[in-house]
Every structure is written in C-alpha cells, then in structure tokens.
Amino acid sequence: MQLIAGNWKMHGRLASVAAIDALVAAGPVPGARLLVCPPATLVARFAEAARGSHVEIGGQDCHAEPEGAFTGDISAPMLADAGATHVILGHSERRAGHGETDAMVRAKAAAAHAAGLIPIICVGETLAERDAGATLEVVGRQLAGSLPAGGPLVVAYEPVWAIGTGRTPTPQQVAEVHAFLAARVPAGTPVLYGGSVKPDNAAWLLALPHVGGALVGGASLTPRDFLAIASAVPAARDAA
Ligand code: PEP
C-alpha cells in the first residue's frame with residue numbers, strides 16, 4: 001500500500017466537505033491509502049464525513065503540549081478527539097514561516113504519538129542547499145533531529161524548491177534522496193515524495209524505489225486530481 005496524503009494548507013470552508021463526500025463515493029483505490037489533512041477548522045467535519053470509509057483525516061500541525069495557555073495553537077489530543085489519525089509536522093512552510101526547529105518537530109512528534117496519532121515528518125532542502133551539494137547533509141540532519149524515539153511514523157521528502165512551483169526533481173534526484181532516507185528510518189516507515197505532484201507526473205514518481213506514496217498540496221484540493229494521483233500507484237495501475 002502507498003499513502004497518498006493531501007495537504008490542504010490554508011484552504012477550505014465547511015462546504016468543502018463535498019470533496020470528502022466525493023472521495024468516499026468513489027470507493028477505495030487499489031494499493032492506495034487516502035489521507036486528507038485540512039485546516040484545523042475542518043478536521044472534525046471531514047472526519048465525520050469520512051467515518052467508516054477508506055478515507056482518513058489528519059491535521060497539519062500540533063503543539064508539543066496536550067493543553068495549556070498557548071493561544072491559537074491546536075494540540076495532538078484535540079486533533080485525535082476531532083477524528084484525525086495523522087498529523088503533518090515540520091512542513092517547510094512551518095519551518096520557514098514559524099521558525100520551527102528540528103527539536104520542536106521531534107517534541108511535536110512525541111506529542112502526536114502520545115495522542116495516538118501518526119506523525120508525518122517533512123524534510124527537504126532549499127534550492128541554494130541543493131546547488132551547494134548539501135542535499136543529503138541537510139535532509140540527514142533534519143531527519144536525525146526530528147525523529148521521535150519509537151512509534152509509527154511517516155516521513156515525507158519535500159524539496160522546498162519543488163513545493164507549489166510546478167518543478168520536480170529528476171527521477172535520479174528523488175531516488176537518491178529516498179534511498180538515503182529509507183536507510184535511516186525504522187523498517188516499514190513509508191517515505192513519501194512531495195513537491196508539485198500532479199496527475200501527469202505521479203506515475204513515474206510513485207514507481208521509483210523507496211517511494212512509499214505522495215504528499216500532495218495543490219492537486220489534493222480537487223478530488224478528481226487527487227484520485228488520479230492515487231490511481232497512479234503501481235498496484236492501482238496493475239488492477240486497472
Ligand atoms: C506541500 O506543500 O506539501 C506540497 C507538496 O505542495 P504542492 O503539491 O502544491 O507542491
């Protein structure tokens with residue numbers, strides 16, 4: 001099974017539950033697990049719409065503490081209470097825009113585990129870091145600093161320069177980083193690729209060795225595109 005996870009970022013209103021209804025109505029995709037991570041305001045509503053179906057719902061971030069005086073934050077137990085099964089942590093937009101460090105990501109991942117959530121830990125290099133030949137050093141450092149001790153995990157490799165830009169690395173570049181990460185995560189940990197995954201590039205990305213699925217931003221907002229990406233999982237194509 002590959003995990004096809006949608007990161008809705010700061011998009012969606014209550015009426016957007018129609019997207020979950022569409023994914024549920026379409027039925028399971030062979031070989032693919034579907035996860036949608038909407039803004040916190042929609043987690044409970046989406047989880048209710050997806051209850052009992054093959055579609056799972058996740059959060060996009062959580063605080064390291066279970067509760068307290070942290071205005072504007074959401075805790076891992078709150079996400080679990082709302083019906084989430086996963087939480088994205090350390091996305092580059094939070095690392096860059098909210099000053100999140102590897103140590104903070106690790107603490108949040110431990111909090112996610114304590115609440116019964118599976119953390120999806122994001123790592124990825126900037127274009128300047130890639131051009132400087134530092135990609136493996138950067139993702140290796142982020143991974144080593146962000147992984148919690150024990151517990152189920154998902155890791156996502158998201159080159160910062162490929163997010164929302166329509167640019168993707170070459171197959172060789174993706175394969176190199178995924179082989180590097182696969183050797184450094186606990187056995188059985190899926191390593192997703194993220195960064196401008198679209199219906200027209202999903203097939204080759206998902207067929208690469210050590211790619212265990214995709215973290216999809218923009219294309220996850222449209223059920224047709226999200227399903228087309230899931231249908232590009234090799235097992236889904238074999239079943240078609
Ligand atoms: C993301 O932000 O996690 C992402 C992969 O975005 P996009 O697919 O839009 O590049």
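Side-chain atoms are counted along with the backbone in the values below, which use heavy atoms only and exclude waters and symmetry mates. As the structure lists them, so they are numbered: ligands from 1, and atoms in each ligand from 1. Being a predicted model, the structure only gives us computed values, none of them experimental.
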Any atoms of ligand 1 less than 4.0 Å from a non-hydrogen atom of [X]? List them with their elements.
X: G195; value: 5 (C), 10 (O)
X: S196; value: 7 (P), 8 (O), 10 (O)
X: L215; value: 3 (O), 5 (C)

* Asked: Would you say A219 contacts ligand 1, with heavy atoms under 4.0 Å as the rule?
  -> no
* Aromatic rings H178 and Y157: how do their planes relate, parallel, tilted or perpendicular, breaks at 30° and 60°? -> perpendicular
Protein heavy-atom partner closest to [atom] - residue, atom, separation in Å:
atom: atom 4 (C) of ligand 1; result: G217 N, 3.6 Å
atom: atom 2 (O) of ligand 1; result: K9 NZ, 2.5 Å
atom: atom 3 (O) of ligand 1; result: E158 OE2, 2.7 Å
atom: atom 1 (C) of ligand 1; result: H91 NE2, 3.2 Å
atom: atom 9 (O) of ligand 1; result: G218 N, 2.9 Å

* Asked: Which is it for N7 and ligand 1 at heavy atoms under 4.0 Å: side chain, backbone, both or neither?
  -> side chain
* Asked: Just heavy atoms, cut-off under 4.0 Å: does A162 contact ligand 1 by side chain, backbone, both, or neither?
  -> backbone
* Would you kindly say whether H91 and Q60 are connected by a side-chain donor-acceptor distance under 3.5 Å? => no
* Short question: side chain of R95, backbone of C122 - any donor-acceptor pair under 3.5 Å? -> yes
* Roughly how far, to the nearest 0.5 Å, is the CG atom of L136 from the CZ atom of R141? ->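 Rounded to the nearest 0.5 Å, the CZ-CG separation comes out at 12.0 Å.
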* Would you say G164 and ligand 1 have an N/O pair spaced under 3.5 Å apart? -> yes
* Hey, is K108 close enough to D61 for a salt bridge, meaning N to O under 4.0 Å? ->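 Between D61 and K108 there is a salt bridge, with a charged N closer than 4.0 Å to a carboxylate O.
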* To do: Can you spot which of L42, I20, L34, L79 makes a side-chain contact (heavy atoms from CB on, under 4.5 Å) with I57?
  => I20
* Asked: Do W8 and F226 have ring centres separated by under 6.0 Å?
  -> no
* Evaluate the criterion side chain to side chain donor-acceptor pair (under 3.5 Å) for residue pair S146 and D102; output intermediate values, then yes/no. => CA-CA 5 Å; S146 305; D102 294 333; 3.3 Å; yes
